[in-house]
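Chain naming here is simple, since letters A, B, ... match the order of the sequence lines and numbering starts at 1 in each.
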Number of protein chains: 2
Amino acid sequence: MKKATVMSTLKKKIKEHQYKFTTQRKIVLQAFLDSKENHMSAEDVYEIVHEENPAIGLATVYRSLELFTSLELLKKLDFGDGRSRYELNDKTITHSHHHLICLGCGKVVEFSYDFLNDVKDKIQKENGFNIVDYQLKFYGYCKDCIKKANNNKG
Amino acid sequence: MKKATVMSTLKKKIKEHQYKFTTQRKIVLQAFLDSKENHMSAEDVYEIVHEENPAIGLATVYRSLELFTSLELLKKLDFGDGRSRYELNDKTITHSHHHLICLGCGKVVEFSYDFLNDVKDKIQKENGFNIVDYQLKFYGYCKDCIKKANNNKG
DNA sequence: GTGCGTGCAAAGTCTTTGCAAACCG
DNA sequence: CGGTTTGCAAAGACTTTGCACGCAC
């Protein structure tokens, strides 16, 4: 999905729900479009946003993140580090990318593999559960940490 | 794994690491063996433990949960409700059960399906990442909530 | 203009920590 | 006995909320 599209999707969804298309909300979403960081915490977003417009408060960032999540523009993630993280909810890729979390250095790498179709029917049949989304996290050790560990041995 | 085995595993691991096998730690682990609740928060555990021994403090519960997680007796879970939850880390089943989280009522159901073998090699090859564990959560609507929604329609 | 949205600070929730006393080994 | 572990209370980290002002529509 192109960046311009994301912003106009926001505008559209905001209108639909009769919310207001405010400067602050624009800037918060823009932070996700501009940043290379894929998994930002509220604080991360606040720092970026604060440069653009120092008047914006942290509470507004939290409120925007919550709103955008409810509008399905963002996805809320948890990597177990005590704070929520958010990523653009690009539906065309969301259902096929997962997170590899390194237990050594904490680095988070993305991994693509769509296996939802494999299980969706099974879960539907066995549990009567209607899946609308899923989150998959892998824990392990990344290339670098494995290398480091090996160097320390030898 | 039998209940008795879990407690003796604790004893063994405690010894190995030269920690102490205290009454409090026994009681905290026992809470998991006795409770029918599969996914307890620190507060849940505290309530149970507190009945057995009102002197035990919440901080001790937190410290025990952390210790047991590091000893791989428990697994720390996150269902996005703002608190950590814990379950017994029964290795024979852990790698094949996942959580179905109902977006309607918040109920968490378990679902068995071991697909780790399918992806482990792939991840190893493509990312050089050595997987030691994974967590999979499905979000959707449970039988009851689907029924309720249908009733409201008709 | 009206009412939703914002900024600030205060409050809330969950979790961690400092310290003296208690206890395991 | 000595060093861990505990209980308590206080502090810490993240997030939410109350309220008066400001801005989008």
Side-chain angles (χ1 to χ4, degrees), chain A residues 7-8 10-31 39-47 49-71 73-74 76-86 106, chain B residues 7 10-31 39-71 73-74 76-86 106:
Chain A
M7 191 58 81
S8 64
L10 172 62
K11 200 165 182 175
K12 195 183 109 213
K13 293 201 173 184
I14 288 252
K15 282 250 167 76
E16 272 172 22
H17 294 259
Q18 287 156 290
Y19 296 129
K20 290 178 179 175
F21 193 56
T22 65
T23 312
Q24 289 88 337
R25 288 174 178 169
K26 244 178 286 183
I27 294 178
V28 169
L29 186 59
Q30 194 61 46
H39 312 113
M40 292 195 286
S41 66
E43 196 72 36
D44 293 338
V45 176
Y46 175 67
E47 276 171 30
V49 150
H50 197 254
E51 277 183 33
E52 179 79 17
N53 182 341
I56 296 182
L58 182 55
T60 297
V61 171
Y62 273 104
R63 284 186 281 228
S64 300
L65 294 175
E66 192 196 354
L67 178 68
F68 296 170
T69 302
S70 77
L71 295 178
L73 282 156
L74 294 181
K76 195 173 182 173
L77 307 171
D78 169 80
F79 296 148
D81 62 350
R83 74 210 64 182
S84 294
R85 293 177 177 278
Y86 299 82
Chain B
M7 191 58 81
L10 172 62
K11 200 166 182 174
K12 196 182 111 213
K13 293 202 172 182
I14 288 255
K15 282 248 167 76
E16 272 173 20
H17 294 261
Q18 288 156 290
Y19 297 129
K20 290 180 179 175
F21 193 57
T22 65
T23 311
Q24 290 88 336
R25 287 173 178 169
K26 243 177 288 183
I27 294 179
V28 169
L29 186 58
Q30 193 62 45
H39 312 113
M40 291 196 286
S41 66
E43 196 73 36
D44 294 338
V45 175
Y46 175 68
E47 276 171 29
I48 294 177
V49 149
H50 198 254
E51 277 183 33
E52 178 80 15
N53 183 341
I56 296 182
L58 182 56
T60 298
V61 172
Y62 272 104
R63 284 186 281 229
S64 300
L65 293 175
E66 193 195 354
L67 178 68
F68 296 170
T69 302
S70 78
L71 294 178
L73 281 155
L74 294 180
K76 194 173 182 173
L77 307 171
D78 169 78
F79 295 147
D81 61 350
R83 72 211 63 187
S84 294
R85 293 176 177 277
Y86 298 83

Task: DNA chain C: 5'-proximal contact among Glu43(B) and Ile56(A) (nearest heavy atom) - done: Ile56(A)

Task: Arg83(A) side-chain proximity, nearest of dT6(D), dT15(D), dT6(C) - done: dT15(D)

Open item on the list: Heavy atoms within less than 4.0 Å of DNA chain D: which residues of residues 45-52 of chain B have one? Give them sorted by number.
Closed with: none

- [ ] List in chain and number order the residues that pass side chain to side chain contact (heavy atoms under 4.5 Å, CB included) with Lys12(A), two or more places apart in sequence or in another chain; answer none if no residue qualifies.
- [x] Glu16(A)

TODO: Taking all heavy atoms of Met40(A) and all of Ala31(A), pick out the closest pair and write down the distance.
DONE: CE-O, 3.8 Å

TODO: Report yes if at least one side-chain N or O of Gln18(B) is closer than 4.0 Å to OP1 or OP2 of dC24(C); otherwise report no.
DONE: no

TODO: Taking the side chain as every heavy atom from C-beta outward, state whether Met7(B) and Gln30(B) have any pair of such atoms under 4.5 Å apart.
DONE: yes

Open item on the list: Rounded to whole Å, please give me the gap between CG in Leu65(B) and P in dT16(C).
Closed with: 10 Å

Open item on the list: Using five pairs at each end of the helix from dG1(C)-dC25(D) to dG25(C)-dC1(D) to define an axis, what is the angle between those two axes, to 10°?
Closed with: 40°

Under 3.5 Å, side-chain donor or acceptor atoms of residues 43-63 of chain B against the rest of the protein: list the pairs with distances, not counting sequence neighbours.
unit_1: Asp44(B); atom_1: OD1; unit_2: Ser41(B); atom_2: OG; d: 3.4
unit_1: Asp44(B); atom_1: OD2; unit_2: Ser41(B); atom_2: N; d: 2.9
unit_1: Asp44(B); atom_1: OD2; unit_2: Ser41(B); atom_2: OG; d: 3.1
unit_1: His50(B); atom_1: NE2; unit_2: Pro54(B); atom_2: O; d: 3.1
unit_1: Asn53(B); atom_1: OD1; unit_2: Ala55(B); atom_2: N; d: 3.0

- [ ] Tell me, please, which residues at least two apart from Tyr19(B) pass ring pair (Phe, Tyr, Trp, His ring centres under 6.0 Å).
- [x] His17(B)

TODO: Please determine, for the side chain of Arg25(A), which listed nucleotide (dT6(C), dT15(D), dT6(D)) has the closest atom?
DONE: dT6(C)

TODO: Output the distance between atom CG (Leu71(A)) and atom OG (Ser64(A)), rounded to the nearest 0.5 Å.
DONE: 10.5 Å

Task: Results of side chain to side chain contact (heavy atoms under 4.5 Å, CB included) for Lys15(A) - residues two or more places apart only - done: Lys11(A)

Open item on the list: What contact category does Ser41(B) fall into here, base, sugar-phosphate, or nothing, at under 4.0 angstrom with non-hydrogen atoms?
Closed with: nothing

Open item on the list: Rounding to an integer number of Å, can you tell me how far Lys26(B) NZ sits from dT6(D) P?
Closed with: 12 Å

Task: Between dG7(D) (P) and Tyr62(B) (OH): distance, integer Å - done: 15 Å

Let me check something: any side-chain donor-acceptor pairs from residues 22-29 of chain A under 3.5 Å, sequence neighbours excluded? List them with distances.
unit_1: Thr22(A); atom_1: OG1; unit_2: Arg25(A); atom_2: N; d: 3.2
unit_1: Arg25(A); atom_1: NH1; unit_2: Lys20(A); atom_2: O; d: 2.8

Task: Near-ring test Tyr86(B)/His39(B), centroid separation under 6.0 angstrom - done: no

Open item on the list: Using a 4.0 Å heavy-atom cut-off to protein, can you give one letter per nucleotide of nucleotides 17-25 of chain D, 5' to 3': B if the base is in contact, S if only the sugar-phosphate is, - if neither?
Closed with: BB-----BS

Task: Whole-Å distance separating the CG atom of Asn53(B) from the P atom of dC23(C) - done: 11 Å

